[in-house]
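All residue numbers refer to positions in the sequence shown, counting from 1.
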Amino acid sequence: MKNLIITFLSICFILLSFSSMAQKRPNIVLIMADDLGGRDLPAYGNRFNETPNIDKLVSQGMLFHNAYAAPVCSPTRASIQAGQYPARVGIFDFIPGHWRPYEEATVPHHQVQHLPDKIVTIGNAMQSAGYTTGYFGKWHLGNNPEHLPHNRGYDKAHMYAGGGFYQPRFVPEYTSAEGARLSETLTSMGVDFIAENKENPFFLFISHYDVHVQLDADKDLIEKFLNKPKDPDYASNAVYAAMISHVDQSVGAVMKAIDEMGLAENTVFIFYSDNGGVDNRFDNVPLLGGDSKDVYPEGHPLRYIATSNAPLRAGKGTLYEGGVRVPLIVRWPEKVEAGSTSEAIVSSVDFYPTFLDLGKGARPPDQVLDGYSMVPSLTENRFDPEREVFTHYPVYHHEQPMSALRKGSWKIIENLVSGDFDLYNLRYDVNEMTDLKFSYPEKLAEMKSALKKWQTETNAQNPVPNPDFDPVKRYEWGTNPFR
């Protein structure tokens, strides 16, 4: 009898220990916007858009000034799920990709049109660590059932499957509240998930479709920004500003739910974007000319400027800072200093090791993780000022195929068609306007060597000369033959 009592007490102790450990490990909430630029938020100096909830998040957490993503959506999403650079994953363009059949170079294509099956996702890893996982919103990593989030490591998931912002469809099916906008529905999914799992550690990923084109928002919000004085140094697009407000409302609602449920102190709350803002259309929708002026005398309705990433150069679809430097804000009360900022150079590949660090999870044994835990940056503002971050985009989009490395203040960009290199010092030239390769040949050689070494290690694919090159037709877009 005595032995039975001892055994019973031992089991209770073990269970209590596991319960205590579970409670100590923080919940993780990641909200990601789509195409939100690095300078679209008031927290980063914007003087037209309004984000009171994100401003509150900033006041309670840490604002990063050097956070990076891939230049388009699918690669960033793949890098978060895999903890690997897109070049290593093999998903380096959006899925299914696009194609210029008569360009100077033939660009590489994805071997598969989904996140590779061999990848242990961050959802899988957090499940193994004892977390309940949820994913709601845009996925863009494969559409077959076996490739959707509910089969790739997420206990509960509803993938946005089209229909726009006001008639969204989901897989698995989900019935939205009457009249609810997509951003509102995703928010409701997230809040319900938190309520259902508040007693145990959870990992929640809300992936918004805002502020992606085609631009659309509530009429009253659009009217509000149409009547607001424009910032002469910014696009001041009223529909775009209204979409940012929708994202801000989502952030506010999820923050409120966490606070009201008493979960704030034990929840790491992250806001991020998947790439830079759209400062022009890559597909060259005609402004006027031809038959279009008869149908659209004021210009084609899809011909607009959504945003400007200035002073960052260019935007989505490029490896210039406007395409890859994105907002990142993290709140973790009592652990992350409220109202703080960080100059740490961080990347989308860092989320995976960070979440494993927070959740006491194990690294997948046969999967390289390219990133580093951000926990020291968050809790101590301690980081390597010479950190290397790589981006590789070997396809035509808003620019020619390029590959890039940022190391400390220096950045090198390789044109993968011409073979030319540009060298910039971002400390003094965030606009990337002054090429320093002739002034600093030793730095150029060092950066070039590091970039080439990384390309080899990750098996980064590059374009090859196109035997069908036609200078007259080179800018025509064709159907990707590999989709």
Side-chain angles (χ1 to χ4, degrees), residues 32-51 54 69-74 76 94 98 137-138 140 160 164-166 181-183 207-219 221-251 271-288 292 296 298-327 393 397-399 431 477:
M32 186 163 74
D34 193 346
D35 290 0
L36 184 70
R39 293 297 177 267
D40 281 333
L41 301 179
Y44 289 97
N46 191 283
R47 296 177 295 181
F48 183 74
N49 302 324
E50 298 176 11
T51 57
I54 294 174
V72 292
C73 52
S74 294
T76 295
F94 65 81
H98 50 191
K138 183 175 177 178
H140 215 160
Y160 169 65
F165 297 104
Y166 291 93
R181 191 178 185 276
L182 173 59
S183 55
S207 179
H208 281 289
Y209 188 41
D210 291 88
V211 292
H212 197 286
V213 297
Q214 302 303 328
L215 303 187
D216 201 0
D218 286 357
K219 183 179 179 180
L221 282 173
I222 296 173
E223 291 289 342
K224 170 186 173 181
F225 287 104
L226 281 174
N227 293 320
K228 182 175 181 177
K230 295 182 180 294
D231 179 349
D233 298 320
Y234 182 65
S236 302
N237 186 311
V239 186
Y240 189 77
M243 296 175 79
I244 291 175
S245 289
H246 285 303
V247 174
D248 182 70
Q249 290 166 359
S250 175
V251 170
F271 181 76
Y272 183 65
S273 178
D274 66 345
N275 50 249
V278 180
D279 64 339
N280 67 86
R281 292 186 64 99
F282 78 88
D283 48 1
N284 298 316
V285 171
L287 180 59
L288 286 175
S292 67
Y296 306 115
E298 301 301 324
H300 196 289
L302 299 185
R303 184 70 169 181
Y304 49 74
I305 299 175
T307 189
S308 166
N309 300 293
L312 306 181
R313 180 175 174 177
K316 177 181 178 178
T318 80
L319 297 196
Y320 295 113
E321 293 294 285
V324 293
R325 195 188 293 203
V326 295
Y393 196 48
H397 197 172
H398 292 269
E399 274 287 352
N431 312 80
W477 293 98

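Heavy-atom minimum distance, Pro327 versus Gly38: CD-CA, 3.9 Å. The shortest non-hydrogen separation linking Asn49 to Phe225 is CA-CE2, 4.5 Å. Heavy-atom minimum distance, His246 versus Ser183: CB-OG, 3.7 Å. Closest heavy-atom contact between Ala306 and Leu215: CB-CD1, 4.3 Å.
Considering CG of Asn309 and NZ of Lys316, their distance stands at 12.0 Å, rounded to 0.5 Å. Between the OG atom of Ser308 and the CG atom of Asn237 there is a distance of 12.0 Å, given to the nearest 0.5 Å. Atoms NE2 and OG1, from His140 and Thr76 in turn, are 11.5 Å apart once rounded to the nearest 0.5 Å. Atom NZ of Lys228 and atom CG of Leu226 lie 12.5 Å apart (nearest 0.5 Å). One distance of note links CG of Asp216 with OH of Tyr209; it measures 10.5 Å at 0.5 Å rounding.
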Report the C-alpha distance between Ile222 and Val239 in whole Å, list the side-chain angles of each, state the deciding distance to 0.1 Å, and finish with yes or no for side-chain contact (heavy atoms from CB on, under 4.5 Å).
-> CA-CA 5 Å; Ile222 296 173; Val239 186; 4.1 Å; yes

Leu36 and Ile244: side-chain contact (heavy atoms from CB on, under 4.5 Å), yes or no, with the steps?
-> CA-CA 8 Å; Leu36 184 70; Ile244 291 175; 3.8 Å; yes

Take Phe165 and Met243, measure what side-chain contact (heavy atoms from CB on, under 4.5 Å) needs, and give me the verdict at the end.
-> CA-CA 10 Å; Phe165 297 104; Met243 296 175 79; 3.4 Å; yes

Would you check, one step at a time, whether the test side-chain contact (heavy atoms from CB on, under 4.5 Å) holds for Leu319 with Glu399?
-> CA-CA 9 Å; Leu319 297 196; Glu399 274 287 352; over 6 Å; no

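Ring planes of His98 and Phe94: perpendicular class, angle over 60° (limits at 30 and 60°).
In summary, the side chains of Asp218 and Tyr166 do present a donor paired with an acceptor at a separation below 3.5 Å, with no hydrogens or angles considered. Looking only at atom types and distance, the side chain of Tyr240 has a donor-acceptor partner in the side chain of Asp40 under 3.5 Å away.
Although no hydrogens or angles enter the test, the distance criterion places no donor-acceptor pair under 3.5 Å between the side chain of Asn275 and the main chain of Ala70. Looking at Asn46, its side chain does come within 3.5 Å of a backbone N or O of Arg39 through a donor-acceptor pair. For Ser207 (side chain) and Gly137 (main-chain N/O), no donor-acceptor pair under 3.5 Å exists by modelled atom type.
Take Asp231 and apply the side-chain contact (heavy atoms from CB on, under 4.5 Å) test, not counting sequence neighbours, and it matches Arg47, Phe48, Asp233, Tyr234, Ser236. Under the rule for a salt bridge (Lys or Arg N to Asp or Glu O under 4.0 Å), the partners of Lys224 that lie at least two apart in sequence or sit in another chain are Glu50. When the side chain to side chain donor-acceptor pair (under 3.5 Å) test is applied to Thr51, the partners found at least two apart in sequence or on another chain are Asp55.
No side-chain heavy atom of His397 sits under 4.5 Å from any side-chain heavy atom of Pro71. Cys73 has its side chain within reach of Lys138: a pair of non-hydrogen atoms, C-beta onward, lies under 4.5 Å apart. In this structure the side chain of Tyr320 never reaches within 4.5 angstrom of the side chain of Leu312, judged on heavy atoms. Asp35 places a side-chain heavy atom less than 4.5 Å from the side chain of Asp274.
Of the residues Asp279, Asn280, Thr318, the one that meets the side chain to side chain donor-acceptor pair (under 3.5 Å) test with His398 is Asn280.
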